[in-house]
Amino acid sequence: MQYTSTRSRCALSAAQVIVKGIAEDGGLFVPDSFPVISEETFQTLTKASYVERAETVLSLFLNDFSPEEIRSCVRGAYIGKFENDEPAPLAEPVPGVNLLELWHGPTCAFKDMALQLLPRLLSVSASKTAPGRTMVILVATSGDTGKAALDGFANVKGTKIVVFYPAQGVSAMQKLQMQTQAGDNVAVCGIEGNFDDAQNGVKAIFADAEIRDLLDRANMDLSSANSINFGRLVPQIVYYVSAYCDLRKTGRIRPGEPFNIVVPTGNFGNILAAEYAKRMGVPVAKLICASNRNNVLTDFIETGVYDRNRPFHTTSSPSMDILISSNLERLLYHLSGNDPYLVRDLMAQLKIGGKYVVPDALKRKIQEEFTAGWCSDEEAAKLIGTLFREQGYLCDTHTAVALKVCREYREKTGDRTPCVVASTASPYKFAPAVLKAAGGGDADGFEAVERLQALTGAPVPGPIAGLRGKPVLHKACIRKDGMEEFLLKFLGIR
Ligand SMILES: *Cc1c(COP(=O)(O)O)cnc(C)c1O
């Protein structure tokens, strides 16, 4: 299997696309075809562990990795890192609605599923394409990605990671998670500014030829752990394959029986992974895209018009507060019959005017596979409260958005196909909002965590409980024009 860019034809190996992250033409890397899993293999996987399922799916995409390399990456990522060694269990709080819990990892959000594995894939890829060199991962984060990347890259051979966050723009819990990160190869730094300032600073470093040159002479390459890297998508396909196997195993569906998948969506990475699983033979009926008040994707899927020219809203599901969903580019490529010229044209329109309209044929293809809905903060809070009181199940604000959109879809269409809903964060990760929704009033930080536990009895995940009393190792906070200097100092170059 080879990989190409969504904006022009090329032919690269898996290791090459994982190291490069993004194509030189600005496009995203995609496989030129999709492997199909046979019924016989599904039977085997149904009896297998999560780790074995991951090894099988990865081996279909990473042809230039040896079975030993894949095994060691997968085991390093998932064994001993997740609660009960069960990375993606399926709960069923409401009959017919299966919650795929993706937040049992070290940072309590679904990004762990990919970011525990990506550093290992990157390290092996670099040893194939650029042996002896150090990969320097630069991240600008609004909260979740930074900590998940730090935890994934900490002490991984041949890598260093530097995370910049807006000092006033992350929650108290997110800041503490990052500031307490241990590891010889990690640096964390607050910026006096907002997320855009951090992001712009990182982009400027990537674009700076002089810095690249300095790093090059020190035997280092810059790379990114952002969700545009194909190495983040493959691990996400695994849990949809795994959910299908678990639905079969527990008799909730018969072999081959279709089910719907509902995903709370921001950058379109998680739901795209579900679409990829469908291409590989998982019997998915509808893919349901759930948004918060930043509902640019709902409008797009309903009308074929993508228009980011609208107010940006800060919501109680901040990881979905996004107006440009980068991974949508990959879907446009696949559903247009692999047309890089169309994709290039649409992305140019998006860059210039913030808007594009897809051709009718493409719109129909999108609507055949996808349906969409959105949910306000008030509706999400109401759902959290009701679900907890009636079923005794506590969910976070992002998952609540998906559950609300799922319920509305079922009521509106009468479609009774079983659903898998991606549950993307532990309720304790967004404790203040969840506490309030569950009827516990206002509190922040550890106080919100304690009161939420007292109110609901839901167990506090180890990584959150363990934060208390951890030493703060990273206190740096700099002006936004000091990012280059901070990076070069950390790397020992200046
Ligand atoms: C990142 C994130 C999302 C959005 O996922 P995408 O792949 O960007 O669509 C949803 N929920 C949580 C908790 C997240 O951290």
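Atoms within a ligand are numbered from 1 in the order they appear, just like the ligands themselves. For the single chain, residues carry numbers from 1 onward in sequence order. As a basis for the values below, the full set of heavy atoms in this structure was taken, side chains included, without hydrogen atoms, waters or symmetry mates.
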* Asked: What's the shortest heavy-atom distance between Leu346 and Val357, and which atoms?
  -> CD2-O, 3.8 Å

* **Candidate pair Arg468 and Glu450, rule salt bridge (charged side-chain N to carboxylate O under 4.0 Å, His left out), full reasoning** => CA-CA 12 Å; Arg468 183 166 256 176; Glu450 265 170 24; 2.8 Å; yes

* Do we see a donor-acceptor contact under 3.5 Å between the side chains of Ser316 and Asp377? -> yes

* Report yes or no: do Lys147 and Gln174 form a side-chain donor-acceptor pair below 3.5 Å? => no

* **Derivation and outcome, side-chain contact (heavy atoms from CB on, under 4.5 Å), residues Asp151 and Gln116** => CA-CA 7 Å; Asp151 198 284; Gln116 282 298 314; 2.9 Å; yes

Can you give me a line-by-line list of nitrogen or oxygen pairs between ligand 1 and the protein shorter than 3.5 Å?
from	atom 1	to	atom 2	distance (Å)
ligand 1	7 (O)	Gly269	N	3.4
ligand 1	7 (O)	Asn270	N	3.0
ligand 1	8 (O)	Asn267	N	2.7
ligand 1	9 (O)	Gly266	N	2.7
ligand 1	9 (O)	Asn267	N	3.2
ligand 1	9 (O)	Phe268	N	3.2
ligand 1	11 (N)	Thr424	OG1	2.9
ligand 1	15 (O)	Lys111	NZ	2.5
ligand 1	15 (O)	Asp144	OD2	3.0
ligand 1	15 (O)	Ser319	OG	3.4

* Search all heavy atoms of Cys289 against all heavy atoms of Ile301 and return the closest pair with its distance. => CB-CD1, 3.8 Å

